[in-house]
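What follows is a single structure, written as structure tokens, with notes after it.
Only this structure's heavy atoms are used, side chains among them; waters, hydrogens and symmetry mates stay out. Proteins get letters first, then strands, A, B, ... in listed order; numbering begins at 1 in each.
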Amino acid sequence: MQYVNNDTGADDEDDIANHFNDPRKEAVSMWMKIKLRNSLLNRGYELDSNRSVGNNRNLSSTSPSKFFRRFSLWRKHFDLIEDEFGNGTKAYFVLIRWLMFLNLFQFVLYLFFIVVPFVVLEVDEPKCPANATNCCLVDYLNADNNGNYFLDFIQGSGYMEKTLLFQGFYRNSVYEYESIDGKTRYYNLPFFYVWTTIAYFFICLCIIVYEASQGFKVQIGDSLLTYSKLVFASWNYSIRTTEKASKRSADVRKNLEELLVNDCTETTRKKYIKSNYNKVVTIRVVVNILVVVILAAVSFGIFTAFVYSNNQLSPVDREIFHLSDVMRFVYEYLPSVVIYLSNAIIPFLFQGLIRFEQYSATFTIRLNLLRMVILRMFSLCVLYATLYAKINCVPGELECGCNDILCWETFVGQQMYKLTLTTFALQLLTTIINYLRSLVGKLNHKFAKTIGEQSFDISNHVLDVVYLQTIAWFGSYYAPLLPAIFVIVFFCMFYIKKFACLVNSVPTIHQTTETHSMFMSVILVSFMFALGPLGLSISELQPSKSCSPFKDFATTWDMVIKAFNSLPKIVQNILFFLSSTAFTLPVFIILCCIIYYKIAVISANSSRIKKLHETLLARKEDNNFIKKKKRMIHEQRRF
Amino acid sequence: MGQGKSQFSEEELQDYQDLTYFTKKEVLYAHQKFKSLAPEKVGHNKNAKLPLSKVLMYPELGVNPFGERICKVFSSGHDGDCTFEDFLDMMSVFSDGAPKAVKAEHAFRIFDFDGDDMLGVSDLRQVVERLIGSNELSENEMLHLIQNILEEADLDDDGALSFAEFEHIIDKSSDFSSAFRIRL
């Protein structure tokens, strides 16, 4: 036993008992364990056996945080995926489940605070207020839109507009009701609408930051030791068939070869860069410019598609066109399809371009991922901008709306609803196409194999899923029932992606290089891209006159301020104090000091590690020297 | 099954439960599995010593490149022949309940082919050769690989991996616990 020091000649069993109270940890045979255990008990020591065996059971150190593994849905599927594809791929599916529960949480919040109170408390028919110049709300709610039942359902137009799905249906009312103890209480629906959203986003942010920090802790130092981990920790001991075993061996060998080859190319690459520095720099600059140009082209494409389809749907001269239902459907969905196509095709371009830039393997992966994230977020931003351009107008005194849109909140909600359905449907279609590709790949022809064989590229699939979540975050504010739809979408996405993984792709070991932190950083970026525009729209845009819980206010945030003014004076004072410089400046300074202290501690630790390493080497040298001397003395003694 | 339970006394079961990461039920189940390797021999003597060849008939051990080493490490006579207690020990370490440190320690012993408490160049060579099976690497690649491993993990530059250095590698592998597992 390595850890028992026999030099002192002390009683072995005493030493052991002093160090360990758990005979199970000893690497000895069973009868020795029994002997140990008995001697421990005889001397009155307490056995430290962790009785709750069940506790350790699912304490897999695979996912770094407890929040991820709190739920037991789909556990069998995870085990299957882990056996075939390794831990990194399993983490991806755990992510899908996590996102699904996030949306479920939002749905429950909205249901409890917004939908149910509205349904229960709203009993009055909308009435035209006396002495009003126009009854926008009444007109809007009573407007009749005759359309195709099914088409209206999937486009969110017609009768669907006047349902709980869209924000425009909810009213700007403070409801009076009798509570259980007989007092009249007020339920301020607009107030709760905004604050539920803000609370949900705040909780989301906390969870994401927590998860990101967990992943970060695991990731430090993970990128070293690639060879050692591949050799010592890559065999899956639960493999039972010779077929899988030989496949696994082949995989390990392939990975080892890849690593060795990468090493070689790395040295040649560095040499090449040193000698052709200027050429490489110009190529990199050119490629980056090309990327920007591509992004600009994509934005222009999306913008034109949107403007064109809008023009076709509501032309200036109504008498000229009467669109058939099918054409209407095509024009409604054109922008979403264009966005999806750009997101699907442009990554291939990026992958081709990045080869010319001669970056190292890890940096290539990261840069490619960054570019694809930017592409997707950019296309969403263009969509937001085009929507903004359309709805940004101030209706005149006598008009209820402008630019043909009576209720822009519902309009935005409809766009998001359509985007969701399109993205989901096209995902399904892509998976089916990939299935056909994989069938082609099963043929033995070389060309067939180049088209057909796919590997499960996690970064692309992560972007798919996170993109859906970004739409969910932004769209749910304008369509409160959208989270429910997203729960269903993510539930189906799990099975779709599982199909893509197990059936379409060829199984390979995926190294768990920084998977978790990659997920979390992508999610954080997308979160900002959803939150930013939403925050802007809450604070800047004027709500429509015909609908929405915030009508008759200048901006949504005005409503919050008005509600704030009705809070008790002491709460107002506290909040004022918290936002004043007298409070925030000292807090800011303290935070800076803490950060500086942490940085100092980190640098002190790393220099200590270096020192320890040097000491270790010096001690080894001393040891060798002493051994040599010992040998010399022994040999001298012989003579 | 009642037949299984009558072979062990309550005291023995309690012993096994205390000294492994199994519950009594799992101990009995493990015995069933052990018995299925050689039903007649184990039927006579519940703690019979089965030869290496019989133990390797257990599917996960048979296809494992280190199957023989595993049996040798856990067998009381260090010759690969396992009694039921050795088998139980083995399954306990490979179970979900065993902590990472215990698994790392046993993994170290499995990989230490020459038994000198260090993973030297010859040990590493044997590990890689067994792992990749029949698809061999060239001599050049093998040397390069071993050099890289030592560069990465050998912190005190003595040309071999001590247990501390091995444990360091295992600490950084997040999927080791789930990979180093055999479900009964």
- Task: Test side-chain contact (heavy atoms from CB on, under 4.5 Å) on B/I169 and A/K229 and set out the steps.
- Result: CA-CA 7 Å; B/I169 300 173; A/K229 282 200 281 195; 4.2 Å; yes
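- When each of A/N236, A/N624, A/L260, A/T242 is scored by its heavy-atom pairs under 4.5 Å with chain B, the top score falls to A/L260.
- Of the listed residues (B/E151, B/H168, B/E141, B/R183), the one with the most heavy-atom contacts under 4.5 Å to chain A is B/E141.
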- Could you check A/F232 against B/F176 for side-chain contact (heavy atoms from CB on, under 4.5 Å), going step by step and ending with a plain yes or no? CA-CA 9 Å; A/F232 291 121; B/F176 179 72; over 6 Å; no
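- The local environment of NZ in A/K244 is sparse, with at most 12 non-hydrogen atoms from other residues, nucleotides or ligands closer than 6.0 Å.
- Proximity to chain A is limited to the side chain of B/F166, based on heavy atoms less than 4.5 angstrom apart.
- No more than 12 heavy atoms of other residues, nucleotides or ligands sit less than 6.0 Å from atom NZ of B/K25.
- Of the listed residues (B/D86, B/I70, B/I170, B/D158), the greatest number of heavy-atom pairs within a distance under 4.5 Å of chain A belongs to B/D158.
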- Message: Before you tell me yes or no, could you show the steps for A/V231 and B/L124 under side-chain contact (heavy atoms from CB on, under 4.5 Å), namely the whole-Å CA-CA distance, both residues' side-chain angles and the distance that decides it to 0.1 Å?
- Response: CA-CA 9 Å; A/V231 166; B/L124 292 176; 5.5 Å; no
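- Heavy-atom pairs under 4.5 Å with chain A were tallied for B/N64, B/I182, B/V93, B/L88; the largest tally goes to B/N64.
- At a 4.5 Å heavy-atom cutoff, B/L150 makes no contact with chain A through either its backbone or its side chain.
- Heavy-atom pairs under 4.5 Å with chain A peak, among B/V102, B/D15, B/V128, B/D157, at B/D15.
- Minimum heavy-atom separation, B/L131 to A/W235: CD1-CE3, 3.9 Å.
- Across all non-hydrogen atoms, the minimal contact from A/A233 to B/A179 is O-CB, 4.2 Å.
- With a 6.0 Å radius and a threshold of 12 heavy atoms from other residues, nucleotides or ligands, A/E266 has its CD atom above the threshold.
- The contact between A/A245 and chain B is made entirely by side chain atoms (from C-beta outward), counting heavy-atom distances below 4.5 Å.
- Residue contact with chain A, scored on non-hydrogen atoms closer than 4.5 Å, is absent for B/Y58.
- For the atom pair A/T226 OG1 and B/K172 NZ, the distance stands at 13.5 Å (nearest 0.5 Å).
- Atom CG of B/N140 has 12 or fewer neighbouring heavy atoms from other residues, nucleotides or ligands inside a 6.0 Å radius.
- Proximity to chain B is absent for every atom of A/N623, based on heavy atoms less than 4.5 angstrom apart.
- At distances below 3.5 Å, at least one donor-acceptor pair connects side-chain atoms of B/E152 with backbone N or O atoms of A/Y227.
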- Task: Show the numbers, then the answer: is there a side-chain contact (heavy atoms from CB on, under 4.5 Å) between B/N148 and A/D263?
- Result: CA-CA 10 Å; B/N148 280 336; A/D263 255 3; 3.3 Å; yes
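- Atom OG of A/S228 and atom CD of B/E165 lie 10.0 Å apart (nearest 0.5 Å).
- How far CG of B/L137 is from CZ of A/R253: 4.5 Å, rounded to the nearest 0.5 Å.
- Atom NZ of B/K33 sits in a crowded spot, with more than 12 heavy atoms from other residues, nucleotides or ligands closer than 6.0 Å.
- Interatomic distance, A/L230 CG to B/I149 CD1, rounded to the nearest 0.5 Å: 8.5 Å.
- Counting only heavy atoms from C-beta outward, the side chains of B/L145 and A/L256 approach each other to under 4.5 Å.
- Only the side chain of B/F111 comes within contact range of chain A, with at least one heavy atom under 4.5 Å from a heavy atom of that chain.
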